[in-house]
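All values reported here derive from a predicted model rather than from experimental measurement.
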Amino acid sequence: MAKNSHKVTLQISLGKKLKELRNEKKLSLRQLAQRCDLDYSDISKYEKGEVNIQLSTVYELARGLNVQPKDLFNFEFKFPEE
């Protein structure tokens, strides 16, 4: 498997966790966007793992969800064997 595919898998896993947390808080994409300095269409792309996420975006999402940034990374990820 190519290195890039593992990076995409990580993006998708992070996106799933983001969506899970948003749904737990009973927030729509627009409601979350209003709580942080992001556009709702960008949040949708993050949830689908379509774009790479920056640390400043992790901060905004955590702030909007009222969680610690580490909570967005609370998922299992298996590193590829070299």
Side-chain angles (χ1 to χ4, degrees):
M1 197 178 250
K3 287 186 179 183
N4 271 352
S5 64
H6 294 294
K7 291 177 184 177
V8 171
T9 300
L10 181 62
Q11 285 176 205
I12 291 170
S13 297
L14 177 61
K16 287 179 181 178
K17 186 63 179 185
L18 171 59
K19 186 172 185 175
E20 176 187 315
L21 290 170
R22 181 176 60 79
N23 287 333
E24 284 177 10
K25 303 279 185 175
K26 297 183 181 358
L27 294 171
S28 70
L29 288 169
R30 289 182 189 268
Q31 289 170 323
L32 178 55
Q34 289 174 347
R35 291 175 164 215
C36 53
D37 191 23
L38 300 170
D39 187 83
Y40 76 94
S41 63
D42 290 334
I43 296 172
S44 175
K45 290 175 188 173
Y46 298 134
E47 286 187 352
K48 295 174 188 172
E50 294 177 349
V51 293
N52 199 1
I53 193 167
Q54 296 181 5
L55 283 176
S56 58
T57 303
V58 170
Y59 167 82
E60 287 296 331
L61 291 168
R63 186 173 65 88
L65 291 165
N66 198 28
V67 298
Q68 292 295 311
K70 69 179 182 173
D71 295 334
L72 290 168
F73 294 96
N74 189 13
F75 56 85
E76 293 296 319
F77 180 78
K78 185 173 180 168
F79 288 95
E81 299 196 19
E82 298 296 323

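- Using a 4.5 Å cut-off on side-chain heavy atoms (C-beta onward), Val8 and Ile12 make contact.
- By the neighbour-count criterion of 12 heavy atoms within 6.0 Å, atom CZ of Phe75 is densely surrounded, having more than that number from other residues, nucleotides or ligands.
- Once rounded to the nearest 0.5 Å, the distance linking CG of Leu18 with CD of Glu20 reads 10.0 Å.
- For the pair Ile53/Leu61, a side-chain contact is recorded, criterion being any heavy-atom separation below 4.5 Å from C-beta on.
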Between Leu32 and Tyr40, does the side-chain contact (heavy atoms from CB on, under 4.5 Å) criterion hold? Intermediate values first, please.
CA-CA 7 Å; Leu32 178 55; Tyr40 76 94; over 6 Å; no

Apply side-chain contact (heavy atoms from CB on, under 4.5 Å) to the pair Leu27 and Leu65, showing each step before the final yes or no.
CA-CA 9 Å; Leu27 294 171; Leu65 291 165; 4.1 Å; yes

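- Considering every non-hydrogen atom in both Leu72 and Leu14, the closest pair reads O-CD1, 3.0 Å.
- Under the 4.5 Å side-chain heavy-atom criterion for Ile, Leu, Val, Met, Phe, Trp and Tyr, Tyr59 and Leu38 are members of distinct hydrophobic clusters.
- Minimum heavy-atom separation, Asp37 to Glu60: N-OE1, 3.0 Å.
- Taking OG of Ser13 as the start and NE2 of His6 as the end, the distance is 12.0 Å to the nearest 0.5 Å.
- Rounded to the nearest 0.5 Å, atoms CG (Asn23) and OG (Ser28) are 10.0 Å apart.
- The two residues Val58 and Pro69 come nearest to each other via the heavy atoms CG1-CB, 4.0 Å.
- Although no hydrogens or angles enter the test, the distance criterion places no donor-acceptor pair under 3.5 Å between the side chain of Glu50 and the main chain of Lys45.
- In terms of hydrophobic clustering, with Ile, Leu, Val, Met, Phe, Trp and Tyr side chains grouped at heavy-atom distances under 4.5 Å, Tyr46 and Phe77 are assigned to a common cluster.
- A continuous path of ILVMFWY side-chain contacts below 4.5 Å connects Ile43 to Val51, so both sit in one hydrophobic cluster.
- Ion pairing between a basic and an acidic side chain is recognised when a charged N comes within 4.0 Å of a carboxylate O; Glu47 and Arg22 show such pairing.
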Kindly determine whether Lys70 and Asn74 satisfy side-chain contact (heavy atoms from CB on, under 4.5 Å), including the steps that lead there.
CA-CA 7 Å; Lys70 69 179 182 173; Asn74 189 13; over 6 Å; no

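- Heavy-atom neighbours of Gln54 CD from other residues, nucleotides or ligands within 6.0 Å: at or below the threshold of 12.
- Taking every heavy atom of both residues into account, Cys36 and Arg63 meet most closely at CA-NH2, 3.5 Å.
- Shown here is Asn66, whose CG atom has no more than 12 heavy atoms of other residues, nucleotides or ligands within 6.0 Å.
- More than 12 heavy atoms of other residues, nucleotides or ligands sit less than 6.0 Å from atom NZ of Lys17.
- Separating the CD atom in Gln31 from the NZ atom in Lys26 is a distance of 11.5 Å, to the nearest 0.5 Å.
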Derivation of the side-chain contact (heavy atoms from CB on, under 4.5 Å) call for Lys7 and Asn52
CA-CA 9 Å; Lys7 291 177 184 177; Asn52 199 1; over 6 Å; no

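- Between the side chain of Thr9 and the main chain of Ser5, a donor-acceptor pair closer than 3.5 Å is present.
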